[in-house]
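Reading through the structure tokens given below for one structure.
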Amino acid sequence: METQESKPDKRRKFFKRAAIATLIGGIAAGIGFKAFAQGGGCGWHRCGYTAGPLDPAAVDQHLDRALKHLYVEIDATDEQKQRLEPIVKQAVKDLLPLREKARAARKQAVGLLAADHIDRSAIESLRAEQIQLAEQASKRLTQALADVAEALTPAQRKQIAERMESFGRRWRHG
């Protein structure tokens, strides 16, 4: 039988692990979305990840630069660099087609909403397709997140978590 004292310990460990996993996911997502943002020029906003067609060379160049920054931040070993690079690059490569599908769906949605007659079944069908697309992207990103986490030491994951926490404070202005 569990005591009252052991329950908070278990909860604390669970939330600590969940926070670390979330932060590593944020880093992977940040790297991926920064790569996606390399597209058309819309000022400093860059129009988000659906901006326009991506040049694969520009994506690779941006990923290389982002990974170099990450390696310096966590003081990655050569072995870790060799493990992380293919994980991140393959994840981005897998996610790029989903990005193109999202761009096409946006155009389709605009067309459906601008039509003379609103086709509710077509809008619902598009919504369902986009939910499936988001699910695919989420699964792939989660897989990459777990792979990245396995390549890092607990100390490196903690360092990344602390860094991500400081980013969160900066965005909240407090």
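Worth knowing before you read on, the calculation uses all heavy atoms, side chains too, and leaves out hydrogens, waters and symmetry mates.
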State the [atom1]-[atom2] distance between [X] and [Y], to the nearest 0.5 angstrom.
| X | Y | atom1 | atom2 | result |
| --- | --- | --- | --- | --- |
| Leu141 | Gln143 | CG | CD | 10.0 Å |
| Leu133 | Arg99 | CG | CZ | 12.5 Å |
| Asp60 | Lys93 | CG | NZ | 9.5 Å |
| Ser125 | Gln108 | OG | CD | 7.5 Å |
| Arg163 | Gln159 | CZ | CD | 9.0 Å |

Shortest non-hydrogen separation from Ala151 to Leu84 and the atoms involved: CB-CD2, 3.6 Å
Ile87 and Arg140 have their tightest heavy-atom pair at O-NH2, 4.3 Å
Indicate if Leu126 and Leu98 have the same hydrophobic cluster label, given that clusters are the connected sets of ILVMFWY residues with side-chain heavy-atom separations under 4.5 angstrom. no
Just checking, is any N or O donor in the side chain of Gln82 or Asp78 under 3.5 Å from an acceptor N or O on the other one? no
Between Glu73 and Gln156, is any side-chain donor less than 3.5 angstrom from a side-chain acceptor? no
Less than 4.5 Å apart, side chain to side chain, heavy atoms only: is that true for [X] and [Y]?
| X | Y | value |
| --- | --- | --- |
| Gln61 | Arg65 | no |
| Leu70 | Ile160 | yes |
| Gln80 | Thr153 | yes |

Tell me the side-chain hydrogen bond (donor to acceptor under 3.5 Å, both in side chains) pairs involving residues 126-139, sequence neighbours left out? Glu124-Arg127
Under the side-chain contact (heavy atoms from CB on, under 4.5 Å) test, which residues partner Ile123, sequence neighbours left out? Leu112, Leu113, Ile118
Walk me through it: do Lys89 and Asp64 pass the test salt bridge (charged side-chain N to carboxylate O under 4.0 Å, His left out)? CA-CA 9 Å; Lys89 286 190 175 187; Asp64 288 340; 2.7 Å; yes
Taking Leu152's backbone N and O only, do any of them form a donor-acceptor pair with Arg157's side chain (distance below 3.5 Å, no angle check)? yes
Does atom NZ (Lys68) have a neighbourhood of more than 12 heavy atoms from anything else shown, all under 6.0 Å? no
